[in-house]
There are 2 protein chains.
Amino acid sequence: MDDKTSGRNGWKQDPAGVRKNILAVAMAEFAANGLSGARIDEIAAKTNTSKRMIYYYFGDKEGLYGRVLEEAYREVRAGEQELELDHLPPVDALRHLAEFTFDHHNRNPDFIRIVMIENIHHGAYLEKSDLIRSLNAGAIQKLEAICRRGREAGLFRDDVEPLELHWHISALSFFNVSNRATFSHIFGDRLFSADRQQLLKKHLVKMVVGLALI
Amino acid sequence: MDDKTSGRNGWKQDPAGVRKNILAVAMAEFAANGLSGARIDEIAAKTNTSKRMIYYYFGDKEGLYGRVLEEAYREVRAGEQELELDHLPPVDALRHLAEFTFDHHNRNPDFIRIVMIENIHHGAYLEKSDLIRSLNAGAIQKLEAICRRGREAGLFRDDVEPLELHWHISALSFFNVSNRATFSHIFGDRLFSADRQQLLKKHLVKMVVGLALI
DNA sequence: ACGGCTTTGTACGAACCGGTTAATTTCATT
DNA sequence: AATGAAATTAACCGGTTCGTACAAAGCCGT
């Protein structure tokens with residue numbers, strides 16, 4: 001990508017690099033300004049390439065947004081894959097998963113913002129992507145395994161449902177990032193110091209485990 | 001407002017009505033399309049009055065958005081005021097408050113969307129409004145009273161904090177509306193039938209009460 | 001009936017912005 | 001080294017959209 005800056009003439013072809021560069025810049029811009037708020041010219045300006053290349057590779061603004069959406073999910077789910085829970089007892093595994101989700105969301109505010117934006121659009125662009133659906137289908141398998149083991153060990157209630165646990169864990173972890181702006185403007189930022197965040201995480205675990213246990 | 005439709009001549013002055021009409025239409029448009037996505041011309045067209053009046057009363061687009069934001073909070077907090085909890089024992093009061101919040105958010109998706117949009121904008125417009133801050137400061141007093149009574153009765157932990165309880169209740173109730181689109185596209189809409197929503201609400205109460213009790 | 005506030009209507013401009021046209025350069029293949 | 005597809009550059013276009021200008025007139029408290 002730096003090849004581009006090396007003089008008026010003498011550029012190198014680098015399709016993959018150009019695409020990647022555009023996607024990265026676009027993700028930041030869409031996350032910052034939303035779909036209609038983001039400006040193609042602004043994205044182009046922050047790129048190592050030109051506006052024309054955006055249209056060359058992504059067709060139009062919505063096409064670009066769609067790819068950004070996919071990339072955002074891909075990156076985040078890739079991070080989640082690294083989690084190894086099978087060797088842990090069910091309760092520990094559940095705690096680990098909840099703690100990881102909480103921290104992971106905290107570390108990826110741009111992903112949270114993209115998902116917020118996509119929800120504003122009623123999931124219209126996510127609907128078009130089979131890739132994302134398949135990516136996420138796997139995301140809940142960890143929870144299914146934990147619940148199965150928990151039930152078999154007689155620890156969890158018979159009617160715990162992985163999907164619902166995922167719902168609660170996501171809610172508390174997601175909201176913790178997504179609504180920080182309005183909440184802190186109204187109630188102060190007391191809840192967002194490092195130690196208070198640790199406490200919130202601890203309570204998240206307590207609530208979720210409490211819901212799963214008999 | 002219907003006065004306006006009753007013929008070319010013979011209109012009545014109704015500043016309050018005109019303002020109200022504009023605000024209602026604008027709220028729907030901003031909730032549907034976001035700040036940059038909403039179109040002033042579109043808002044004007046759906047109004048009983050004209051674009052000229054929007055600028056007459058609200059200055060510019062951002063001014064209009066700011067008033068819509070205030071109005072959204074005002075309406076929702078007004079609904080919450082009606083809740084009477086002082087006569088209930090602490091645990092019942094907490095359950096009632098949580099159930100009410102869950103249902104209330106479910107009933108007011110446009111408010112949820114406005115808050116989502118405002119969070120996308122980092123709360124920049126909410127920051128300008130002292131009104132909203134004072135509106136919401138009162139929203140947590142109910143919870144403070146409940147916690148105080150719960151502690152005095154020896155039912156609640158000494159370190160339960162009203163603000164954190166509010167955080168958890170809000171998270172689960174808010175996310176339940178805000179992220180429905182993406183979640184249901186990925187995992188199906190199993191969780192959103194009437195009876196499953198009742199169950200989620202029940203579990204919300206279980207988790208929050210469980211966190212407050214000793 | 002005076003005068004300020006409110007309302008109507010229309011037309012317009014100027015910036016903005018998504019998207020295109022067209023020409024040029026790289027590079028793998030032969 | 002010829003060739004053609006892929007990649008890249010640069011300038012440009014036309015519709016959209018916020019906001020305003022201008023002109024006129026009706027309502028209503030005092």
Study note, to complete from the structure: Ile54(A) atom CD1 is separated from dT8(D) atom P, nearest whole Å, by 13 Å
Review point. Within a strict 4.5 Å, meaning less than it, do heavy atoms of the Met116(A) and Asn119(A) side chains meet?
Key: no
**Study point:** Salt bridge flag under 4.0 Å for residues Arg190(B) and Glu161(A)
**Key:** yes
Point to revise | Whole angstrom value for the distance that separates P of dG19(D) from OH of Tyr65(B) | key: 15 Å
Check your understanding: Checking all strands, does Phe58(A) fall into the base, sugar-phosphate, or nothing category for heavy-atom contacts under 4.0 angstrom?
Key -> nothing
Check your understanding: In whole Å, what is the span from the CG atom of Asp60(B) to the C1' atom of dT17(D)?
Key -> 14 Å
Review point. Are any of Thr49(B)'s side-chain N or O atoms less than 4.0 Å away from OP1 or OP2 of dT7(C)?
Key: no
Check your understanding: Taking the side chain of Lys51(B) as heavy atoms from C-beta outward, which of dT6(C), dG18(C), dG19(D) is closest to it?
Key -> dG19(D)
Check your understanding: Would you call the rings of Phe187(B) and Phe183(B) parallel, tilted or perpendicular, where under 30° means parallel and over 60° means perpendicular?
Key -> tilted
Revision key, fill the gap. Side-chain atoms of Tyr56(B) come closest, of dT6(C), dC18(D), dT9(D), to dT6(C)
Review point. Within this structure, what is the CD1-to-C1' distance between Ile43(B) and dT17(D), rounded to whole angstrom?
Key: 12 Å
Check your understanding: For the side chain of Arg52(A), counting heavy atoms from C-beta on, which of dA22(C), dG19(D), dG19(C) is nearest?
Key -> dA22(C)
Study note, to complete from the structure: Residues in residues 33-41 of chain A with a heavy atom under 4.0 Å of DNA chain D, by number, are none
Practice item. Would you confirm whether the ring centroid of Phe175(B) sits within less than 6.0 angstrom of the ring centroid of Phe174(A)? Key: yes
Practice item. Look at Arg67(B) together with Glu71(B) and state whether they make a salt bridge at an N to O cut-off of under 4.0 Å. Key: no
Point to revise | Atom-to-atom span, CE of Met53(A) to C1' of dT9(D) - whole angstrom | key: 9 Å
Revision key, fill the gap. Separation of dA15(C) atom P from Lys61(B) atom NZ, nearest Å, is 19 Å
Revision key, fill the gap. Side-chain contact check for Tyr55(B): nearest option of dT20(D), dT7(C), dT9(D) is dT20(D)
Review point. Among dG19(D), dA7(D), dG19(C), which is the nearest nucleotide to the side chain of Tyr57(A)?
Key: dA7(D)
**Study point:** Sole residue of Ile132(B), Leu35(B), Val68(B), Ile117(B) in side chain to side chain contact (heavy atoms under 4.5 Å, CB included) with Tyr125(B)
**Key:** Leu35(B)
Check your understanding: For the rings on Tyr65(B) and Phe58(B), is their centre-to-centre separation under 6.0 Å?
Key -> no
